[in-house]
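Right, one structure below, let's go through it.
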Amino acid sequence: MTEQTFDAVIVGAGISGALIANELSEAGFSVLILEAGSQADNRQQYIDTYYAAEIKTPDAPYGIQDGSGGSKVQANPSAPHPGVPIDARWKDPNAYKTDPRYYFVQTGSVAFGSNYERIVGGTTQHWLGTCLRFMPQDFTTKTSFGFAVDWPIGYADLEPWYTEAESQLGVAGNVAADEAIGIEHTKPYPMEEVPVSYLDQYMGKKLNGKQVGGVTITVESTPQARNTVGYDNRPPCMGNTSCVPVCPIQAKYDATVHLNKATKMRLLGSGKSSVPAKLVTKAVVYKVDVGASTDQVTALHYKDWDGNDHKVSGKRYILAAHAIENPKVLMMSPWKNGKTVANSSGQVGKNLMDHICLVAWGKTADEPIYPFRGPLSTSGIPQYRGGATRKTRAAYRVEIGNEGWNWSAGAPQSNVMELVTPTGNVKPLFGTALRNQLNKECTHQVRIAMELEATPLQTSYIKPSETHMDRFGLPRPEVHYEIMGGAKDVTYAGTDGEYTVKGYVESNNVAQQLFEQADISWDTTVDASNSTPGVFIYNNTRYQYRGAGHVIGTHTMGADKSSSVVDSYQRSWDHSNLFIVGCGSFPTTGTANPTLTMAALALRTAKELCNDLSK
Amino acid sequence: MDTPTYYQNIKPLFSQYDRIKMMYFADLWDYKQVKAHAKTILLSLKPRMVDGKPDPAGWSELPEVHVMPLYTGPWPKSQVAIFESWIAAGCPEGEAPPAPPTPGPLVEGFLTLSRVLTGFDDLNDKVLAQTYINRLLAESNAAKNNQLEALLTAFSHNPQVLDADGNCVSSYSQYLALIQDITVLWYLSSIDGALGTPENNQYIQGLVWPAIDAHPMGFANTNEQFYWRYKPEGGDFTGLQIVVPRAAKK
Ligand SMILES: Cc1cc2nc3c(=O)[nH]c(=O)nc-3n(C[C@H](O)[C@H](O)[C@H](O)COP(=O)(O)OP(=O)(O)OC[C@H]3O[C@@H](n4cnc5c(N)ncnc54)[C@H](O)[C@@H]3O)c2cc1C
Ligand code: SF4
């Protein structure tokens with residue numbers, strides 16, 4: 001065992017960890033970052049692995065698959081991470097033995113469909129980069145609509161931090177579109193918006209000004225952490241159309257941007273220089289020690305990839321290991337009175353949420369709209385995010401995709417297979433006829449996603465598995481996911497907590513109306529098997545949702561220590577030198593992709609840490 | 001460090017962005033070209049600075065872009081040093097990816113048949129054709145027992161494989177599975193779901209992409225900025241085309 005001491009020890013080299021490390025290093029504090037994953041020698045290795053992968057899932061470049069097909073990046077059993085579940089195996093805890101995608105032990109009545117990465121840079125290596133602010137009403141759903149809980153801070157508290165996060169990540173966007181739905185800015189975005197795709201322009205032509213589902217809608221360019229000019233020494237986007245899972249040129253922000261800054265010695269404007277943070281990779285943290293009398297965290301324990309144990313200490317500790325791994329590590333750490341660390345409220349691991357996604361797809365009737373070009377999404381329809389309907393059902397955001405039926409049906413590869421190797425009595429097609437038919441089918445494909453606000457539920461949780469371990473004997477996450485009160489099967493009619501599902505049904509109706517107005521056929525299907533992840537039945541109708549990758553709510557912040565895990569600075573109520581950061585701190589999901597809000601919170605926390613450490 | 005070599009140490013330093021931006025001058029992913037222009041490239045990696053900015057006057061052979069990489073910021077000194085020591089060592093090539101196969105006797109017939117099956121009249125990459133022949137022989141069940149040779153022989157006597165609707169004519173129905181394998185291979189670089197390796201660019205050469213007026217996901221080989229806002233027209237704005245600035249053409 002080795003022991004060292006730092007001003008701050010950060011667990012996780014993802015975006016929240018990297019942002020905080022960078023601020024502390026600039027302020028002159030010594031920082032140690034413990035990161036479970038490793039890093040490829042260079043970006044091209046991720047890209048080559050992705051090109052060679054049979055199925056181009058979000059984790060394809062990072063070696064979740066078995067390393068066949070010429071992959072350079074191998075799946076990593078020492079810091080395992082989940083993939084997106086694709087079939088009934090999501091319920092089988094032993095599926096993991098043959099397919100590392102099934103890392104979660106799932107025990108809920110519905111499937112948790114989202115994943116994350118355990119590599120240097122974390123999940124932003126494969127995120128899309130959408131960077132929306134929350135609406136002011138997202139912070140006050142209890143007061144405004146009687147739904148769930150209010151945040152302990154509001155939009156006005158966070159606004160300066162949104163501005164700072166947009167500048168640090170490099171967000172391209174259009175302020176006017178935000179202000180039209182009540183999101184005021186004190187500063188414009190640092191870059192002009194990403195030009196909207198040809199497909200978006202078609203949608204705008206068909207939909208702008210129309211009344212659909214009771215609101216007048218417009219198609220708006222989405223703010224995104226994607227360069228439109230050279231920014232922060234990174235090039236403008238070239239439209240590689242693979243933002244998920246890897247941007248070949250880092251036009252899309254990922255956390256290695258701040259990690260590289262934090263770990264370098266830099267001269268600062270003040271004439272001082274930064275203190276480079278120390279990054280230790282292949283360090284899987286598994287336990288937090290708390291002093292017997294002081295309630296202060298005294299050390300962290302980690303295993304390296306050879307299985308050796310290490311112990312480190314610092315003045316402050318920051319858990320930034322993602323909303324699944326943060327509570328898992330806490331719940332693996334005994335404290336007092338039979339409780340685990342930071343859990344006097346009993347809320348650690350509870351309220352597990354994700355925006356549930358309705359993916360809808362169809363084809364334009366006459367005009368080709370040429371998808372498969374440009375960033376995976378450049379526009380959305382913001383008007384369904386707010387309003388009085390939030391008193392009775394979930395609100396949502398509409399994202400318009402640029403990747404045809406790639407996400408929904410595996411296009412264009414699936415189209416080739418259907419035409420050349422059809423089933424049944426259909427004749428295989430070749431030659432010019434094949435080429436023309438393929439062009440016709442693929443150039444008309446449209447995909448949208450409705451991303452629904454979730455309901456925080458005590459019955460939806462993550463905890464360390466008691467029976468299923470990884471290769472070090474560390475528990476795999478047991479994910480018990482519910483989107484409603486916790487019915488024992490997938491038939492929801494008659495149970496309570498229908499807020500989200502009602503919103504889902506409404507968004508399904510709206511999606512159909514949007515397609516009708518835009519001359520798009522409705523080709524959306526629900527998988528035939530009830531065991532397929534995401535399939536559920538409500539009022540005798542079958543639906544299917546997908547995960548959004550937005551893992552939220554497992555160490556919620558609040559104004560009251562009896563019902564929340566951290567305060568608004570993400571400081572543990574129980575241990576004042578412990579901070580637990582990331583989307584797990586959100587009490588509710590809001591109606592926007594979470595990472596910009598998480599970045600704003602992280603920067604606010606970093607400021608608090610600097611003040612605290614300077615005392 | 002050991003003597004740096006092109007494939008192990010130099011090529012990974014050039015991003016896709018650098019490559020496309022510098023394409024009018026040299027292909028940075030091509031060993032011979034980088035070797036030929038090594039000194040000029042070095043100059044552009046450490047340009048003469050005036051008032052803290054690269055000298056805008058054309059001090060190198062490079063007609064437009066003086067500093068490379070344009071946006072990723074100046075290379076760290078250590079990286080420039082690797083490039084310098086590579087030049088000093090005589091620009092060694094290092095361990096190149098497996099050499100592409102030499103086109104054999106089946107290639108011409110295979111390409112002619114492939115043009116018919118894929119609907120791409122301009123298919124002409126003999127090396128890729130040989131790569132695919134080798135893969136079919138190794139991986140395709142339908143090509144076993146000399147079926148590929150038999151199909152090509154039949155085709156040389158009777159080029160009418162398809163009817164007017166693009167379906168396989170009955171006299172070729174015994175070869176249907178092989179014909180399907182060949183077509184899918186050209187479109188997706190895949191046989192039974194197994195994909196080609198990226199070293200010889202099979203994924204990014206899939207015909208599915210030009211067929212749908214798009215580019216391989218993960219590889220937009222274009223310098224048409226924000227091309228996706230426009231309607232593709234005659235190969236433009238598909239993400240497949242590097243437009244060489246007229247002034248730079250030699
Ligand atoms: C497909 C996909 C697309 C997405 N797109 C968007 C989007 O467009 N917009 C948006 O706002 N959000 C998006 N997200 C969500 C976004 O990626 C996450 O919100 C964000 O990355 C979370 O950041 P984090 O720092 O909390 O965690 P992570 O980024 O996951 O980083 C956590 C880090 O901690 C490390 N770690 C984990 N366990 C341990 C341990 N025990 N010891 C040491 N280190 C550990 C991990 O290796 C990792 O590096 C997307 C997610 C997915 C999956
Ligand atoms: S479209 Fe391409 S270049 Fe642009 S951000 Fe996405 S992956 Fe990067």
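The sequence lines fix the lettering, A, B, ..., with proteins before strands; numbering per chain opens at 1.
- Note on L162(B), V208(B), L176(B), I212(B): by heavy-atom pairs under 4.5 Å with chain A, the leading option is I212(B).
- With chain B as the partner, the residue from C247(A), S197(A), P368(A), A251(A) showing the most heavy-atom pairs under 4.5 Å is S197(A).
- Side-chain contact check for Y187(B) versus P412(A): every heavy-atom pair is 4.5 Å or farther apart.
- Distance check, rounded to the nearest 0.5 Å: CG of L429(A) to CG of L117(B) gives 11.5 Å.
- Of the possible polar contacts, one joining the W228(B) side chain to the P195(A) backbone as a donor-acceptor pair under 3.5 Å is found.
- Residues R373(A) and P232(B) form a side-chain contact, since some pair of their non-hydrogen atoms from C-beta on lies under 4.5 Å apart.
- Interface residue L376(A): only side-chain heavy atoms are found under 4.5 Å from chain B.
- Between the side chain of Y227(B) and the main chain of G239(A), a donor-acceptor pair closer than 3.5 Å is present.
- Atom OG1 of T443(A) sits about 10.0 Å away from atom NZ of K231(B), to the nearest 0.5 Å.
- Interface remark: L13(B) contributes no atoms to any contact with chain A (heavy atom separation under 4.5 Å).
- Note: G431(A) leads A433(A), G374(A), G431(A) in heavy-atom pairs under 4.5 Å with chain B.
- Proximity to chain B (any heavy atom under 4.5 Å) is shown, for V420(A), by both the backbone and the side chain.
- Screening residues 189-206 of chain A for salt bridge (charged side-chain N to carboxylate O under 4.0 Å, His left out), with sequence neighbours left out, gives K205(A)-E367(A), K206(A)-D519(A).
- Summarising the local packing, NZ of K440(A) is surrounded by 12 or fewer heavy atoms from other residues, nucleotides or ligands at distances under 6.0 Å.
- Minimum interatomic distance between A214(B) and P371(A) (heavy atoms only, all atoms of both residues): CB-O, 4.1 Å.
- Within the structure, side chain to side chain donor-acceptor pair (under 3.5 Å) pairs that include any residue of residues 166-186 of chain B comprise S114(B)-W186(B), S140(B)-D181(B) (at least two apart or interchain).
- The greatest number of non-hydrogen atom pairs below 4.5 Å with chain B, out of M238(A), M417(A), K427(A), is found for M238(A).
- Once rounded to the nearest 0.5 Å, the distance linking OG1 of T378(A) with CZ of F226(B) reads 11.5 Å.
- In plain terms, the two heavy atoms of M217(B) and E403(A) that are nearest each other are CE-CB, 4.0 Å.
- Only the side chain of Y370(A) comes within less than 4.5 Å of a heavy atom in chain B; its backbone stays farther off.
- The shortest heavy-atom contact between Q413(A) and L188(B) is CG-CD2, 3.7 Å.
- In terms of heavy-atom pairs under 4.5 angstrom with chain A, the leader among D121(B), V161(B), D165(B), I179(B) is I179(B).
- Annotation: side chain of L207(B) is not in contact with side chain of R435(A) (no heavy-atom distance under 4.5 Å).
- In terms of heavy-atom pairs under 4.5 Å with chain B, the best-connected choice from N436(A), T228(A), N227(A) is T228(A).
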